[in-house]
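To start, the structure under review is shown below, and the notes come after it.
No hydrogens, no waters, no symmetry mates; every other heavy atom, side chains included, goes into these values. Count residues from 1 along the sequence.
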Amino acid sequence: MVGESQKPKTLLIVGGGTSGWMAATLMASRWPDIKVRLLESENIGTVGVGEGSTPHLKIFFDTLGIAESEWMPRCNATYKNGIYFSNWSSVPGFERYFHPFPAQTDDLTMPLFFKHIQVRRRGSPVTPHPDHYFLESYLTRNNLGPIAAESFPFNMAYGYHFDAALLGKFLAAKAEALGVERIEGAVSQVQLNEVGDISRLQLDDGRTVAADFFIDCTGFKSLLLQDALQVPFTRYRDNLFNDAAVVLPTDAALEITPATESIALSNGWAWRIPLRNRCGNGYVYSSAHLSADQAETELRQHLGLQDGVVSARHLQMKVGVVQKHWRHNCVAVGLSQGFIEPLEATALALTFNTIMQFIKRFEDGDFSGRYQDEFNREIGAKFSGIRDYIVCHYKVNQRTDTAYWRDNAANNALSDSLQAVLHLWRHSDNFAADMRKYNLEGSYQAKSWACLLAGYGLFPELDAKASLAPENGRGEMTELAEFIRRCGLNFTNHNQLLAAHGVT
């Protein structure tokens, strides 16, 4: 391990792709006096499971001072207000819901949402569907992008859709402009010193590359952290069944929706990600419930591509997390540290969070391993919190059409925290307040949990004797709808926004 108060002179990132080049740009810009190099092989492809992000990607670009007008056109990128979930629920009126990103207007609209959730739980026929309560949902329904006129005084968080391969190339150019040295080659052997640190890498052509500190971005193989340093990997197979995906592109839509769509199918779900030049489509499924051929056939039927002219790409997913993300003089970033299926597009958020937390903890410890344990606990908690939220999508489904959905609903391999959230949803008189009271707001806030659970229609039967008094809904909903509509007047059509920002 790098000694106390000893700043490394050389840092080697092993593996490129989006994660590797994100690490390279952030570390090179933060530590200009450290020689940052990146080793990658052109013969090793990237997984590229998803092409969507959370708002963390905007924070990443803002941190580096890179404008949207610079990177978005080069990566065929579009804006993303959130995610539509379709066919996950069989409750009438709740067949589809939208999970929006945060906005400052939530402070004005969310209290009524939580009030009506509680009223509906008591059997009163108010409107608890989350799509009525948030500006981001309104924008998406009306195909409006997330950037408002300057006179609009509220901020909006948003993500992007993008071509992952092009983004990696863009970031590589940025990193090299910062002085990052790219080395072409593939690792054949990892050499350790007498205290267990990585000392150098043997390449397949006989060269060796040494460094003081190493960043493992070698994907699911995790050649450094899991293979060489023998850090165990914990699979999430007990509560996340999906372990495979099949991917097919389709032509770009004329009207580009500022949202990802997740559509439940027979044994998993299909994504639809709208880019400028195409739509990215894929089917994430459980290989224990469906064969690869069956999955491809179902996806082709879903997309209307039965002719087979467009070739499909099949992927295997190693779903789980390492027990330690930082060990000795190595930190894993991206797929090498873990992967939670792409349902909420959290991969790059975890990558960015890992890099930034490592930078902070490494500096706080004067470039030693002093805060290694704290870092590992923090990143581990991020993975656990996201896993709980993803698991909840499957656990609370009410579909009975296939064994896959029945098995997910019957699954009781739930964490204590997820069980606590579900208990509060059923029994709390103030869901949002109790989420905070019991420290259950971690990777996701009460708003997101409520959108999921209310979006599925998880409420008791209506009280046949209850009536909708004006104070319990009608007047408030009319005022809310008008407020949101008038807010929406400050936003632009998504296609027009892309054109105005140079994304043409």
Quick check: do [X] and [Y] have side-chain heavy atoms less than 4.5 Å from each other?
X	Y	value
F358	Y371	no
H116	Y133	yes
L225	F214	no
F98	R141	no
Y84	R96	yes
L144	Y138	yes
L453	C392	yes

key: Carboxylate-amine/guanidinium proximity below 4.0 Å for E296 and R300   =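 Yes, this pair counts.
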request  = For the pair E51 and R278, find out whether any cationic side-chain nitrogen is under 4.0 Å from an anionic carboxylate oxygen.
outcome  =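 A salt bridge is present here (some side-chain N lies under 4.0 Å from a carboxylate O).
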Angle between ring planes, [X] versus [Y], binned at 30° and 60°: parallel, tilted or perpendicular?
X	Y	value
Y404	Y394	perpendicular
F459	W425	tilted
H129	H132	perpendicular

message = Looking at every heavy atom in both P128 and F113, which two are closest together, and how far apart are they?
response =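 Here P128 and F113 meet closest at O-CE1, 3.5 Å.
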May I have the list of side-chain donor-acceptor pairs in residues 433-440 shorter than 3.5 Å, sequence neighbours left out?
unit_1: D434; atom_1: OD2; unit_2: S428; atom_2: OG; d: 2.6

Atom pairs and distances, side-chain donor-acceptor, residues 227-236, under 3.5 Å, sequence neighbours left out:
unit_1: Q230; atom_1: NE2; unit_2: D227; atom_2: O; d: 2.5

ask   = So S448 and H99, side chain to side chain donor-acceptor pair (under 3.5 Å) or not? Walk me through it.
value = CA-CA 7 Å; S448 289; H99 179 200; 2.8 Å; yes
query = Can K58 be said to sit on top of F101's aromatic six-ring, NZ or CZ under 6.0 Å from centre and within 45° of the ring axis?
reply =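 Cation-pi check for K58 and F101: fails.
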query = Any donor-acceptor pair under 3.5 Å linking the side chain of T218 with the backbone of G15?
reply =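 It does not hold such a pair.
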request  = Under the side chain to side chain contact (heavy atoms under 4.5 Å, CB included) rule, what do V391 and L240 come out as? Steps first, then yes or no, please.
outcome  = CA-CA 6 Å; V391 168; L240 286 175; 3.7 Å; yes
key: Partners meeting ring-ring contact (aromatic ring centres under 6.0 Å, His included) with Y456 (sequence neighbours left out)   =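 If we apply the ring-ring contact (aromatic ring centres under 6.0 Å, His included) test to Y456, skipping adjacent residues, the hits are Y97.
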